[in-house]
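Worksheet for the structure shown next.
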There are 2 protein chains.
Amino acid sequence: MLDKLFRPKSIAVVGASANPLSIGHMVMKNLLDYGFKGKVYPVNPKTPEILGHQAYKTVGEIPDDVDLVNISIKNAYVPMAIEDCGKKGVKFAIIHSAGFKEIGEEGIALEKQVLEIAGKYGMRIYGPNSQGIENSDPDIKAYANFTFTPLSEGNISIVAQSGGVGEVLQLQLSKKGVGFRMYASYGNEADVGMNEILEYYGQDEGSRVIMVHIETLSDAIGFMKIAGEITRHKPILGLKSGKTKEGLKAVSSHTGKLMEKDVTTDVIFAKSGIIRFDSQDEMIQTAVALCVQPEPRGPNVAMITNTGGPGILAVDEIVSAGLNMAKLEQSTMDNLREKLFPEATVLNPVDVLATAVPEHYGFAIDALMNDPNVDSILISFVTPLFVDVDGVIEVLAEKGRTAVKPIVCVIMTLDEDGELIKRIMASGVPVYEYPETGARVLVNMTRYGATKHAPAPEYPSLAVNKDKAGEIIAKCDKGYISQVDAYSILDAYGIPVAKTTRIKTSDDLKSVTDNLQFPVVMKVDAKEVVHKSDEGGLVLDIADETELMAVFKNMESKFTRHDPSFIVQEQLGEAVETIMGVNNTEGIGPIIMFGLGGIFVEVMKDVQFRLSPLSKQDAHSMIREIKGFPILDGTRGMAGADLDSLEDILLRISRLAQDFPQIEEMDLNPVFSYGPDKGSKVVDVRIKLGSGVEVAAM
Amino acid sequence: MLDKLFRPKSIAVVGASANPLSIGHMVMKNLLDYGFKGKVYPVNPKTPEILGHQAYKTVGEIPDDVDLVNISIKNAYVPMAIEDCGKKGVKFAIIHSAGFKEIGEEGIALEKQVLEIAGKYGMRIYGPNSQGIENSDPDIKAYANFTFTPLSEGNISIVAQSGGVGEVLQLQLSKKGVGFRMYASYGNEADVGMNEILEYYGQDEGSRVIMVHIETLSDAIGFMKIAGEITRHKPILGLKSGKTKEGLKAVSSHTGKLMEKDVTTDVIFAKSGIIRFDSQDEMIQTAVALCVQPEPRGPNVAMITNTGGPGILAVDEIVSAGLNMAKLEQSTMDNLREKLFPEATVLNPVDVLATAVPEHYGFAIDALMNDPNVDSILISFVTPLFVDVDGVIEVLAEKGRTAVKPIVCVIMTLDEDGELIKRIMASGVPVYEYPETGARVLVNMTRYGATKHAPAPEYPSLAVNKDKAGEIIAKCDKGYISQVDAYSILDAYGIPVAKTTRIKTSDDLKSVTDNLQFPVVMKVDAKEVVHKSDEGGLVLDIADETELMAVFKNMESKFTRHDPSFIVQEQLGEAVETIMGVNNTEGIGPIIMFGLGGIFVEVMKDVQFRLSPLSKQDAHSMIREIKGFPILDGTRGMAGADLDSLEDILLRISRLAQDFPQIEEMDLNPVFSYGPDKGSKVVDVRIKLGSGVEVAAM
């Protein structure tokens, strides 16, 4: 529990100073300026008093208990200070000082030393190289941080790996007047870090919305568990930097850590129900709405506008994001027709006209609130000089207070002192400057609504022969395993594979004709031959026994130095080619891929990823979200695939990857799929074994 | 020339009133409040004086010349007022009054009457149902509009079809302190409209940037000519609403069906060099930069940052938009290494560190300005409490004044009174709140730079037999023409087609074997049979004469009621399938399509469009911008296509469509293309003739 960190009763500031440009001074000043409800003790051996408070030479000298210390002295002196704090019984130490892990070997050793000392006393370390924490709870008012955004009460909590990004987020929330609840930027994460803070925010009733900024996750599996729990009842908005390769380089030089590829962020966020953003602006705009409004229960948006042009821009945004303009009930339209000006438009968007009176807005909002086809309402209001703007604002504010469905407002007005906007915001309705922004925010709110109200993931039980697969794997060396073994493993997991016979010598060829029908395919099966077809290790269309023998002799002599085996397979008829794969990624476990095969995967990169274990919904959606889905669907005159069997195979390879973390990579390429109910079969498989990495359980 | 509209010496306000909620009152008030430099005459038969100015009963009674009138009386009285103005010799009448074309038949008649009266006197009409115009030129200060945004001097001019959108644009420019030059929202466009206003802005030296908002273009061809001229020397930023609306009439061709989205605006904007925006916010942010900064000469961005996190977000934005992070010269890095703090990062992004002093920013800006690999500079500055923020701002402002390459600044600061930002903006450097916004703006500025500095389009001369094609077309009826005719037309334009022989009776079959080698293809050729293969009118793989005769007999009996001809074609070998097409679109002329054939066009809709006439550059780029280009390129182990011959065919079909506007639709599907230098051939063609629509000349 981080109560003593975020809700301390007393704070000591080690390195507090009279120098206004020092971090210690700023922390003192922030604690005092923003009215910390507990006690503050400056610690400085050279000064008797700082900012009107008696200074102590050491933490040990402070006469009362100390929950939290902020340390900003030179790195070399930090271990001594920690020892002092430990003896005193301090619970948490925020270390602002830099010069630890981020500077290399020497700093790593120093950081280790600090952790060891703290460990002795059961004290927790926050940082080093960190900003600190803030808590705007009126009972606490702790600004244990050296930055400059004023503490202003709100219900959005922020945890940011980059202090710079965190500062921008809290700054903008503050400028927009919505404030924030708790703030944390934790630097080197030697001890207290992302997951624990996130969990704490999740449990804090005063935090209605959580914003996270991530560069790297030290424990992605733990993160997903915690975030996944939280997003069932409150939204987490996520920003991850380093999307592009160049962005990655900047991350490494900044933190000295390697970044994950961006796909990993997508799958992690998706698994956790986190709404992902690429832009701080859009994330902030969305938080401003979610901190006062409920999430929509569905994708149908209704709009009220008093001038056409801006409304159309919002419609464009809504429709291109895949939401719908709600189809109003006839009774709603009749009702509107009766109450609004005769020239008003009572279809959606409802155009009340520039000259509409305040009551018209009220009628329209009520009518849409009562229409069961409407999930959310966007109001776009340009303030003409000839109407009662004050009256309209009054109505919007009043309706905002009683709204049962989310309302988002766009007001295009001069409003030089921001008075109009403040009045509406105070009623709990978020206000934006542009219709596109309002629409975008509704889109993001709806994304969260869909996440929160999604049915629980189903993990169907599958009949698999784990023991058999385990036996085969136990016999294999690390690296690529033989194809015969790979097919056997798939078979043990109930994954349909093309009929295959193993051949070692020409004597074995007899068994082929017993088991398979011509035409058949012959492939070399040797560990060193990875790209079979490039090396002449794959022959198709073998028509009869004579040909089979000829092919065998030829291959045998070609690959003799590899001590090869060979496999002969039934040659499958034409089908839709798909590709599936597994990449067991350090720190997060197996990522499962699905795509259309051949040229689609080569050129169009039309693939989807999900994190294992796949739920039924994951398997279902990843197939349907590839762009080439119509090819599988069998629409537009195409034969289509057996979607059920593809889903089943995906679930089984997820289970296999889950059960055997030593499967580092697996390519099922191609997987042929026939029409509906006609099944799918794996035609080629490669499995690479490694040492095994941790795998997430669900 | 619109001088008397935008630079009038005297304005009469017909419908001026003491009622503060009337349009006439507001126009009067705006003209007076914003200090119109000419004379203002209220016209109102019932009042002796309005806002301290003597009122006249009619325009005729005004003792001086009147350049412009603003009319806001009831629609029915407008014709009388126009007659009065005409007699007086008024040059322009802005009609605010609604109740004209937009209300249907009655209004259409009234609008026609107004135009006729104005025509008699050589008076120009602006509107009806229009906002009006504004001109902030200090010599003029004309606010002949009833809206509420204050007139503030600037160099951005706005022309907006939607008054609501126009209002938002000028409002935001005003709020951002950059103001605007001229403003126009022209309502029904009975006379003065988009093109004339755009041309006027283009010639106005005080307009450095132009913003346009379009819903529909009444003369798209004229628009492209005018805009195309302007964008060679100043940027036009374009916003088009109604992206997602299905505005296209029913079309039967493949090409037409693929034009589902907002293709027409894309091709019009592309042909005109207009930078397209989907969001008002982004358009405004970009205008704020282009109105003070030059456009970048290339795609290489350098960044200076004092905190890692926010910088990474900007890098992500830059790189995902296809720009580059500039690779700095070694000498630049050496120079920076010497001048900055030892811990600073001298790679791009240059991280001067949070504690950097003002001189460091100066050094870094100078070094990047002097690096030939840098085309533009983005500065990302979080204002820490412990540095000399004022000093840094001073340096940024100073460097801004002498910049030879575009600089864009992001300042993340509390700056409650906006003083810091104003100081930098005053030096001509645009300032943004978020790194992503700054990056996005640089991306858009670079888009304009690429347009402005692109080499002039080349229209290579092509040897075509226009007379022959004209003769064939002259003989054809409207609707789908026979395939034999279609092939002959392509042939006349030098477009390679599969070898084809026409067959009417079985006697003609003899000629086939003289001209073609087996295997061959037979197709029915009858006007009513559009989907040949669905109806059994296409047989492939005909191996010899016997088979040919059998196929012929079968088809002849099947299609006998259509009085069919047949064609026999050489059966071409395997090749890359592409598709080309033409859709002659009312108001803008032929749109040319190119894409990969088969499943790619059916499912992935991987096609590109350009407006005819195609330049060499158009043909070159449209082939390279399809996502499946690697398939044509022959990379990744694929055979590839003959790109030169594909370009040549595209240029020729553009020329054909240009020469014969009566070609309404044309599908070349498939066009087979063989490897480099191996040519391409049209395998199937459908041409539909119509009455002919106007076609743009270049």
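So you know, we letter chains A, B, ... as the sequences are listed, proteins then strands, and number each from 1. Everything numeric here is computed off the predicted structure, so don't read it as measured data.
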Select one option (side chain, backbone, both, neither) describing which atoms of [X] are under 4.5 Å from chain A's heavy atoms.
{"X": "B:Ile103", "value": "neither"}
{"X": "B:Thr147", "value": "backbone"}
{"X": "B:Met412", "value": "both"}
{"X": "B:Val165", "value": "both"}
{"X": "B:Leu596", "value": "neither"}
{"X": "B:Leu414", "value": "both"}

Quick check: closest heavy atoms across B:Gly309 and A:Ser162, and the distance to 0.1 Å?
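The answer is CA-OG, 3.2 Å.
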
Non-neighbouring partners of A:Glu433 that pass salt bridge (charged side-chain N to carboxylate O under 4.0 Å, His left out), sequence neighbours left out
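Listed in chain order: B:Lys175.
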
Hey, could you give me the [atom1]/[atom2] distance between [X] and [Y], rounded to the nearest 0.5 Å?
{"X": "A:His213", "Y": "B:Leu313", "atom1": "NE2", "atom2": "CG", "answer": "5.5 Å"}
{"X": "B:Ser279", "Y": "A:Arg440", "atom1": "OG", "atom2": "CZ", "answer": "11.0 Å"}
{"X": "B:Leu171", "Y": "A:Tyr434", "atom1": "CG", "atom2": "OH", "answer": "8.5 Å"}

For each of B:Met26, B:Glu167, B:Lys627, tally heavy-atom pairs with chain A at distances under 4.5 Å, and name the one with the top tally.
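Counting heavy-atom pairs under 4.5 Å, the top option is B:Met26.
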
Under a 4.5 Å heavy-atom cutoff, which of B:Thr437, B:Asn19, B:Val382, B:Thr383 has the most pairs with chain A?
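Among B:Thr437, B:Asn19, B:Val382, B:Thr383, the one with the most close pairs to chain A is B:Thr383.
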
Crowded around A:Lys29 NZ? As in, over 12 foreign heavy atoms under 6.0 Å?
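No - once you tally the heavy atoms of other residues, nucleotides and ligands closer than 6.0 Å, there are 12 at most.
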
Let me know if A:Ile411 has heavy atoms under 4.5 Å from chain B in its side chain, its backbone, both or neither.
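Looking at A:Ile411, nothing touches chain B.
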
Mind checking whether [X] and [Y] have side chains closer than 4.5 Å, heavy atoms only?
{"X": "B:Asp281", "Y": "A:Asp281", "answer": "yes"}
{"X": "B:Ile312", "Y": "A:Glu215", "answer": "yes"}
{"X": "B:Pro435", "Y": "A:Gln280", "answer": "yes"}

